[in-house]
Number of protein chains: 2
Amino acid sequence: MPNPKPGAPVRGSTTGRPLMAALDLFGRRWSLRILWELRSGPLGFRPLQRQCDDMSSSVMRQRLAELLEAHVVHQLPDSRYELTPLGRDACLALGPLAQWSERWAAVLDPQPAHRNSDQPTDRTSHPDTAGDGTLQPGSAG
Amino acid sequence: MPNPKPGAPVRGSTTGRPLMAALDLFGRRWSLRILWELRSGPLGFRPLQRQCDDMSSSVMRQRLAELLEAHVVHQLPDSRYELTPLGRDACLALGPLAQWSERWAAVLDPQPAHRNSDQPTDRTSHPDTAGDGTLQPGSAG
DNA sequence: GGCGACCGCTTCGGAAAACGAAACGAAGGG
DNA sequence: CCCTTCGTTTCGTTTTCCGAAGCGGTCGCC
């Protein structure tokens, strides 16, 4: 199982298109999060782990190895992890996503300051697939 | 385990910060890919599956259900899947990432004109990107 | 020098997620 | 009717993730 890398076939793509490789690399659990948490400076292994809500160290090591190989992250002499310039760019590319997430939150959970207009509920299909999934975002903390 | 949703605790984050929820939602296999493949218009289940390199139907259905619940994707009366306006925004937020991936490819495997390279991958042009990485979220809508 | 508290990192067993192929009923064309 | 395609579900297998414990090492402290 090769790590995703542009120019090499990645999971689900034999073309090796860069974006597909990036989607594979970042479409792994905690990849984006690690990137995000490193955005404000280098961090050691355990501090980074804590910053990532105590994710499992085994997975973190694996993600870190992938990110190191992808030259998105590098390791300082004191063994801390730091974004490479390329990694910082990737982090910048995450900016729009962060902005979007705010909009997303607003749409899913409109602030009940003025309960006049409801969201356009176009849920035509969804008969009984979920059952246990509470879909209404009404109780935001 | 509930689907990621801003305002609710998601995997690895008790804060419910929108970005963390988004990172959880999109940090699942094929999520980003599905979003990406829908960018140029609505697709039916099997066509979308083929577009996603024949990913497993079970996982696709699950991702689709999550995306539907997140109001990122909705289903047309003819049962095709289409990005919501919110989903199109998310796709736009992916634009910088697509641009980044091109830079990433260049850094990992520089292909200078005067230098021999043994990369067997055709990366000269891709229908998915507009050459310079400028992405059009599709004229659908 | 011994002790406890961190550190980066690995190992391992169990849980969850992804996979992939088969199958279902419905719709459409010949 | 037959054959294909469709959306979707089911199920057994493989992969990934998790999470806690443990390794050797360094540091401050007494």
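Chain letters run A, B, ... following the sequence lines, proteins first and then strands; every chain starts at 1.
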Toward the 5' end of DNA chain C, which comes first, B/Met55 or B/Arg46, by nearest nucleotide?
->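 Its nearest nucleotide lies further toward 5', so the answer is B/Met55.
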Considering heavy-atom distances to DNA chain C, does B/Gln62 or B/Ser57 have its closest nucleotide positioned more toward the 5' end?
->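 Here B/Gln62 is the residue nearer the 5' end.
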Side chain to side chain donor-acceptor pair (under 3.5 Å) pairs, two or more places apart, involving residues 95-108 of chain A =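 Every side chain to side chain donor-acceptor pair (under 3.5 Å) pair that includes a residue of residues 95-108 of chain A, provided the two are not neighbours, is A/Arg103-B/Asp89.
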N/O (side chain, [X]) to phosphate O (OP1/OP2, [N]) under 4.0 Å:
X	N	value
A/Arg61	C/dT10	yes
A/Gln49	D/dC18	no
A/Trp30	D/dT16	no
A/Arg50	C/dC7	yes
A/Arg63	D/dT16	no
B/Tyr81	D/dC6	no

Just how far, in rounded Å, is [atom2] of [N] from [atom1] of [X]?
X	N	atom1	atom2	result
A/Met60	C/dT10	CE	C1'	13 Å
A/Leu43	C/dC7	CG	P	11 Å
B/Leu64	D/dC6	CG	P	15 Å
A/Asp53	D/dC17	CG	P	17 Å
A/Phe45	D/dC23	CZ	P	17 Å
B/Leu48	D/dT8	CG	C1'	14 Å
B/Asp24	C/dA16	CG	P	15 Å
A/Gln51	C/dC7	CD	C1'	17 Å

If you look at every strand shown and take non-hydrogen atoms under 4.0 Å, does B/Arg80 touch a base, only sugar-phosphate, or nothing?
->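 No contact.
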A/Arg29 to A/Arg63 - nearest heavy-atom pair and separation =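 Closest approach of A/Arg29 to A/Arg63, heavy atoms only: O-NH1, 3.0 Å.
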Side-chain donor/acceptor of B/Arg28 to backbone N/O of B/Leu25, under 3.5 Å |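 The answer is no, because no donor-acceptor pair under 3.5 Å joins these two groups.
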Within the side chain of B/Gln49, is there an N or O that forms a donor-acceptor pair under 3.5 Å with the backbone of B/Met55?
->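 Indeed, once roles are kept as given, a pair shorter than 3.5 Å links the two residues.
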Examine the base of D/dG19 for any acceptor or donor lying under 3.5 Å from a partner atom in the side chain of A/Ser58, and report the outcome as yes or no.
->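 Such a pair is found, so the answer is yes.
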For A/Trp36, is the NZ or CZ atom of A/Arg39 found under 6.0 angstrom from the centre of its six-membered ring and inside 45 degrees of the ring axis?
->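 Here A/Arg39 passes the 6.0 Å and 45° test against A/Trp36.
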